[in-house]
Structures are given as structure tokens and as C-alpha cells.
There are 2 protein chains.
Amino acid sequence: MIELAILGILKEANLHGYELKKHLRTALGPLCSVSFGSLYPALNRLERDGAVAVVAVDEANAVATPMTGSFAGEAAAFRARRRVTRGPRNKKVYGITEVGEARLTELMADPADDERTFGMKLAFFRWCDRPTRLHLLERRCATLHQRLDETRGVVAARGSDDPYVRALMEHDSESTMNDIAWISRLIASEEAGGDDTLDDRDKEPTGGHP
Amino acid sequence: MIELAILGILKEANLHGYELKKHLRTALGPLCSVSFGSLYPALNRLERDGAVAVVAVDEANAVATPMTGSFAGEAAAFRARRRVTRGPRNKKVYGITEVGEARLTELMADPADDERTFGMKLAFFRWCDRPTRLHLLERRCATLHQRLDETRGVVAARGSDDPYVRALMEHDSESTMNDIAWISRLIASEEAGGDDTLDDRDKEPTGGHP
DNA sequence: GTCATCATGTAAGCCGTTACATGATTGC
DNA sequence: GCAATCATGTAACGGCTTACATGATGAC
């Protein structure tokens with residue numbers, strides 16, 4: 001889970017742990033909640049496995065995305081040229097490796113479908129191809145249908161004698177149906193090939209609808 | 001969390017672990033997910049703390065709580081009936097004690113507001129008084145507002161350059177607003193004194209409004 | 001007698017948290 | 001120089017899961 005988040009973020013830009021955490025907050029908002037106590041060990045684990053690597057600070061901002069207008073990016077770039085393997089503030093700037101990219105693909109594909117995991121995967125949809133995206137969306141849809149059935153089963157079976165439980169289940173059903181409708185829309189848009197910029201976004205940054 | 005679930009269910013009927021798990025599924029549906037590996041240790045913990053006690057299988061069918069009161073008393077009673085305390089299939093039928101009821105009240109009041117915890121609390125709303133219910137609802141409302149702000153902050157700050165992230169955040173906002181509206185309705189209904197049967201359901205089963 | 005189910009438990013492990021420790025750098 | 005922040009890490013613990021072990025009971 002946390003590895004998915006790290007790799008997904010690092011695929012976009014080389015960052016050190018501290019910065020990474022900020023990016024997680026500003027990029028995923030309520031979906032992520034990672035503390036340093038789990039972030040750093042995870043980074044070390046990933047480094048040990050060769051999924052990420054410490055990059056020389058000179059390369060730190062050279063590679064990956066342009067980082068247009070990022071305060072941290074420019075500041076880092078300014079101070080960046082002192083040492084090689086560790087930055088000025090003892091920073092360790094990480095970049096994703098090919099192994100890491102493979103791992104990311106693997107993590108995206110694996111069957112874990114809970115609210116948070118799916119949300120995170122969706123946030124990184126740009127990193128995978130359309131078939132994978134469709135697969136994930138359909139699986140999520142199935143999961144939601146299952147949940148809906150389960151909730152309805154509760155109402156049908158019992159528990160409906162209590163108004164609060166009833167209210168809870170009804171709201172749960174509604175929310176789930178809402179989610180299903182949303183996913184269905186995403187599937188439709190995906191099948192229609194709605195925004196083609198997603199499949200090959202390296203071609204052109206045509207951002208948005210006409 | 002799991003203790004809340006156990007106590008909330010046991011307040012309604014004396015049950016043994018195996019049965020308890022079934023009730024959790026059929027009473028809370030997707031909200032609960034407890035495995036035996038956590039259920040039994042939790043029951044033992046609660047028993048050690050005097051929050052639940054093994055009841056004689058004779059009383060097992062006698063619903064709700066006869067439970068004399070003092071922990072020492074319960075323990076003595078337990079020792080006295082040592083032979084009867086395990087049912088035919090080696091069952092241990094548990095009942096909630098006064099200590100357990102106090103613990104339940106405490107758990108309901110404590111500040112934990114995530115999706116699942118709140119859902120579980122709501123499912124047990126019948127066990128607490130209106131002020132507590134209102135307090136919980138308002139806290140939840142505040143939490144949701146906070147989440148909404150956070151999500152909007154993400155959209156405003158950045159991340160909106162990716163259509164998937166944007167879709168995710170927009171859906172999150174919508175869902176959260178939906179939840180807020182729902183909670184607001186519950187608050188209104190609570191303040192209006194909608195169903196009075198909930199506050200003192202032991203008095204009279206007067207089902208609903210005239 | 002044996003198989004499925006009921007019933008209770010233990011052990012190992014995963015995944016995350018909080019709290020703590022340490023040191024570098026900057027601003028004043 | 002001193003405080004605030006940046007930056008990395010460790011230790012202890014919490015809560016839950018899976019997998020395993022054990023045994024009673026009833027159906028056939």
C-alpha cells in the first residue's frame with residue numbers, strides 16, 4: 001500500500017522522504033496518511049530491493065518532470081550542487097528504477113479493492129494502459145455490487161427493527177449505488193476512449209475537453 | 001473497535017463467540033469484519049476486565065441482562081456454577097456486565113470518527129441518550145467538513161492536471177457532501193425529537209409518530 | 001467410523017502508528 | 001548562539017489477519 005504510494009509519486013519526480021510526504025498530502029489528500037515512522041523504513045526496503053535508488057543531487061531535478069512552478073523544486077535546485085550522494089541537509093533523493101516501475105505495475109494489478117487502495121490506484125491511473133484500467137474499474141464495480149448485495153441482505157434479514165441501523169444501511173446502499181454509477185461512467189468514458197491524452201500523454205499535453 | 005462491536009451486540013443478547021460472529025455479519029454487514037483470531041482474544045480480554053462474563057447455559061436463552069451487578073458477585077457466581085458454564089458443544093456463552101455497559105458508554109463517547117467506527121457507533125445509537133447522539137453526529141459532521149476542505153485544497157493546489165485525480169477528488173467531494181447532508185438530516189430528526197421511542201425504549205414500544 | 005460442522009483457541013506476521021533520538025541548516 | 005525547521009531514522013506497540021491446532025457433536 002505505502003509502496004504503491006511511494007512508487008507512484010516517485011515515478012513523477014525524484015524526491016527525498018520529507019518532500020515525498022508533502023507530495024503525498026498535496027497529491028492524494030485524504031486518501032493517504034503516512035507517517036515518517038512507516039515512510040522511511042518503506043523507502044529503505046524499496047532501496048534494498050532495488051525498486052528505488054538514491055540519485056545524485058545534480059540529477060535530482062534534471063530528470064523526470066519539469067516541476068513547473070514548484071517552490072520546493074526551485075529551492076532544491078538552487079542548493080543542490082554541493083555533494084553528490086547526499087544533499088545539503090543530509091537529504092537522500094530517491095528515484096524510481098526499472099525494477100521499481102515493474103513493481104508499480106505489479107502493485108497496480110494486484111487484487112486489492114478496498115476504498116483507499118482503489119482510490120490510490122485511480123490516482124495513478126495515468127501510469128497504466130487502458131486494458132489494465134478497465135480491468136481495475138470492472139473489478140471495483142464487482143466489489144461494490146457485492147457490498148450492495150451484502151447491505152441489502154442485512155436489511156432483508158433483520159436489523160431493520162432499529163431505525164438507526166435501517167438509516168445506516170439505507171445510506172450505505174445509496175452511497176454504494178452512487179459509487180457504482182460513478183465507476184460505470186468512468187468505464188464508459190474509458191471504453192469510448194474519451195480522453196485520449198491519457199493513453200499516450202507523452203505525445204501531447206492537451207489538457208482537457210474542447 | 002472490536003470491543004465496541006462485541007459489547008454492542010452482547011447488550012442485546014447473551015451469545016457465545018461463534019454466534020457472536022454471525023450476529024456481527026448479519027447485524028452490521030459490511031461495517032464489521034472480525035475474524036476468530038481477533039474475536040476470541042478480545043472476548044478473553046473483556047472477560048478478564050470484567051466487562052463480560054460467562055453466563056450459565058440455563059440463563060443463556062434468557063435474553064438481555066439479569067447480571068446482578070458487582071464484578072466480584074459475577075465472579076463468585078461464575079465459580080459456583082463452574083460445571084454448568086460450558087454448554088454442550090463446549091460453548092462459552094457471554095453476557096455483558098455493568099462494567100461492560102459502562103465501557104460501552106465510554107467507547108461510544110470517545111473521539112474516533114473514521115468511517116467504520118462512526119458507522120458502528122451509529123448502529124448502536126439506541127444504547128445512548130440523545131445528547132450523546134447529537135454530540136457524535138455533530139463531531140462526525142465536523143470531520144466530514146474538514147475532509148471536504150482538505151479534498152478541495154488538493155484540487156485547488158495542484159493535482160488537477162491529471163483527469164483521473166480530478167475525477168477522484170470531485171467524486172470524493174460529492175460523496176462527502178452527500179454524507180454531510182445525510183448527517184444533517186439525522187441531526188435535524190434528532191433535534192426534532194423524531195422517534196421518541198429511542199430515548200426510553202424500555203418504557204413503551206410506542207412505534208412511531210401518531 | 002468418519003465426515004462436516006460447530007466451537008475455541010494460539011502463533012506468526014503485516015502494516016501501520018506514536019514517541020523518541022539525532023543531527024544539519026537557516027534565520028534572527 | 002539559539003530556536004525553528006528540515007531531514008532521517010529507531011523502538012515499542014496496537015490491531016487485525018491468516019494459518020494452524022484442538023476437540024466436541026450430530027448425520028449417515
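No hydrogens, no waters, no symmetry mates; every other heavy atom, side chains included, goes into these values. Naming: A, B, ... by sequence-line order, numbering from 1 per chain.
- Atom CG in D110(A) sits about 11 Å away from atom P in dC15(C), given to the nearest Å.
- Out of dT8(C), dT8(D), dT10(D), the shortest distance to the side chain of N44(A) is found at dT10(D).
- Between the CG atom of D114(A) and the P atom of dG16(C) there is a distance of 11 Å, rounded to whole Å.
- Spacing between atom CG of L20(B) and atom P of dC6(C) amounts to 16 Å, rounded to whole angstrom units.
- Outside the 6.0 Å centre-distance limit, the rings of F124(B) and Y164(A) are not counted as a close aromatic pair.
- The side chain of Y18(B) has dT8(C) as its nearest neighbour among dT8(C), dG9(D), dG9(C).
- No more than 12 heavy atoms of other residues, nucleotides or ligands sit less than 6.0 Å from atom CZ of R25(B).
- Salt bridge D172(B)/R147(B): present, at least one basic N to carboxylate O contact under 4.0 Å.
- Rounded to a whole Å, the NE2 atom of H23(A) is 12 Å from the P atom of dA7(D).
- Side-chain contact check for H135(A) and E138(A): no donor-acceptor pair (N or O, by modelled atom type) lies under 3.5 Å.
- At most 12 non-hydrogen atoms from other residues, nucleotides or ligands lie less than 6.0 angstrom from CD of E115(A).
- For the pair K91(A) and dA24(C), the criterion of a side-chain N or O lying under 4.0 Å from OP1 or OP2 is not met.
- Straight-line distance from the NZ atom of K21(A) to the P atom of dG9(D): 15 Å, rounded to whole Å.
- With respect to the salt-bridge test (charged N to carboxylate O, under 4.0 angstrom), the residues K121(B) and D113(B) do not qualify.
- A search for side-chain contact (heavy atoms from CB on, under 4.5 Å) contacts involving D179(B) returns H171(A), S175(A), L144(B), not counting sequence neighbours.
- Rounding to whole angstrom units, CG of residue L24(A) and C1' of dG16(C) are separated by 14 Å.
- Following rounding to the nearest Å, M120(B) (CE) and dG15(D) (P) show an atom-to-atom distance of 14 Å.
- One interatomic measurement links the two molecules: NZ of K92(A) to C1' of dG23(C), which rounds to 15 Å at whole-angstrom precision.
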Measure all distances between protein nitrogen or oxygen atoms and nitrogen or oxygen atoms of nucleotides 16-19 of chain D, and list the pairs falling under 3.5 Å.
residue	atom	partner	partner atom	Å
dT17(D)	OP1	S33(B)	O	2.5
dT17(D)	OP2	S35(B)	N	3.1
dT17(D)	OP2	S35(B)	OG	2.9
dT17(D)	OP2	S38(B)	OG	3.0

